[in-house]
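A quick write-up on the structure given underneath.
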Amino acid sequence: QVQLVESGGGLVQAGGSLRLTCTAPGRAFSRSGRGWFRQAPGKERELVAALDWSGDNTYYADSVKGRFTISRDNAKNTVYLQMNSLKLEDTAVYYCAAQSSSFRTRVSAADSYEYWGQGTQVTVSS
C-alpha cells in the first residue's frame with residue numbers, strides 16, 4: 001500500500017507563507033500526475049494545484065493563482081506547494097495526491113488520483 005506523506009502545515013498569520021511537502025516512500029511517481037487538494041469544514045474537497053507527468057503543464061484554482069506554486073523534484077520523489085500571501089479562506093486540510101499510472105493528461109479532478117496522503121492542517125489567522 002503506497003502512502004503519501006505531507007508535511008509543512010501549521011498556523012500562520014494572514015499574508016504569511018508556508019511550503020507544503022509531499023513524499024512517497026517506496027514508490028517513484030516521476031512520470032505521474034501530482035496534485036494538491038484541500039477541504040475546509042463543511043465544504044467539498046477542491047483542487048488547489050496540479051501538474052502533469054511532464055511538469056510542463058500546471059493547473060491552479062482561480063482562488064490561488066498568483067499566490068501558490070506547485071513544483072516537483074523527481075530526484076527526491078517529492079512535490080511541493082509554495083503558498084504565499086495566505087488568506088483566512090485558505091484555512092483547510094491539504095491533501096497530496098498521485099496518479100497510479102504514467103503519462104495521463106487529466107490531472108485537475110480528484111477522481112483521477114489513486115493515492116492520497118493523510119492531510120496536513122493549514123490554519124491562517126488574522
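This structure is a prediction, so every number in the text was calculated from the model and none was measured.
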Quiz item: Yes or no on side-chain contact (heavy atoms from CB on, under 4.5 Å) for R106 and D111, after CA distance, side-chain angles and deciding distance?
Solution: CA-CA 10 Å; R106 180 173 175 261; D111 64 6; 2.8 Å; yes
Quiz item: Yes or no on salt bridge (charged side-chain N to carboxylate O under 4.0 Å, His left out) for K65 and D62, after CA distance, side-chain angles and deciding distance?
Solution: CA-CA 5 Å; K65 283 180 182 176; D62 288 342; 3.1 Å; yes
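- Hydrophobic clustering of Ile, Leu, Val, Met, Phe, Trp and Tyr side chains at less than 4.5 Å, counting indirect connections, keeps V79 apart from W53.
- The closest side-chain heavy-atom distance from T123 to L11 is below 4.5 Å.
- The aromatic rings of F68 and Y94 lie tilted to each other, with the angle between the two planes from 30° to 60°.
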Exercise. Give the intermediate values and the outcome of side-chain contact (heavy atoms from CB on, under 4.5 Å) for residues Y95 and R45.
Key: CA-CA 9 Å; Y95 298 90; R45 187 172 297 192; 3.5 Å; yes
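- Atom OG of residue S30 and atom NZ of residue K76 lie 16.0 Å apart, to the nearest 0.5 angstrom.
- Judged by distance alone, the side chain of Q121 and the main-chain N or O of G9 form no donor-acceptor pair under 3.5 Å.
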Self-check item: CA sep, side-chain torsions, deciding dist, call: R104, E114, salt bridge (charged side-chain N to carboxylate O under 4.0 Å, His left out)
Solution: CA-CA 12 Å; R104 292 189 204 168; E114 289 77 25; 3.0 Å; yes
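- Side chains of E6 and T120: no donor on one and acceptor on the other come within 3.5 Å.
- Looking at heavy atoms from C-beta onward, M83 lies out of side-chain contact with V64 at the 4.5 angstrom threshold.
- Interatomic distance, F103 CZ to S54 OG, rounded to the nearest 0.5 Å: 10.0 Å.
- Cluster membership for L4 and V48, using ILVMFWY side-chain heavy atoms within less than 4.5 angstrom, is not shared.
- Using a distance-only test at 3.5 Å, with no hydrogens or angles considered, no donor-acceptor pair links the side chain of T78 to the main chain of T23.
- Separation of atoms CZ (R31) and CG (D52) is listed at 14.0 Å; rounding is to 0.5 Å.
- Atom CG of N57 and atom OG of S108 lie 11.5 Å apart (nearest 0.5 Å).
- Remark: the backbone N or O of F29 is not paired with any side-chain donor or acceptor of R34 at under 3.5 angstrom.
- Closest non-hydrogen pair, V5 versus P25, comes out as CG2-CD, 4.2 Å.
- Remark: Q13 CD to L86 CG distance equals 11.5 Å, nearest 0.5 Å.
- In this structure, G117 and Q3 approach most closely via the heavy-atom pair CA-NE2, 3.7 Å.
- Of all heavy-atom pairs between S32 and S101, the closest is OG-O, 3.5 Å.
- Other residues, nucleotides and ligands contribute at most 12 non-hydrogen atoms within 6.0 Å of the CD atom of Q118.
- In this structure, Y80 is not a member of the same hydrophobic cluster as I70, with clusters built from ILVMFWY side-chain heavy atoms closer than 4.5 Å.
- Here the closest non-hydrogen pair linking S17 and N84 is OG-OD1, 2.9 Å.
- Two different hydrophobic clusters hold Y113 and W36 under the rule that ILVMFWY side chains link at heavy-atom gaps under 4.5 Å.
- Atom CD of E89 is surrounded by more than 12 heavy atoms from other residues, nucleotides or ligands within 6.0 Å.
- Residues V12 and L81 share a hydrophobic cluster, clusters being chains of Ile/Leu/Val/Met/Phe/Trp/Tyr side chains in contact below 4.5 Å.
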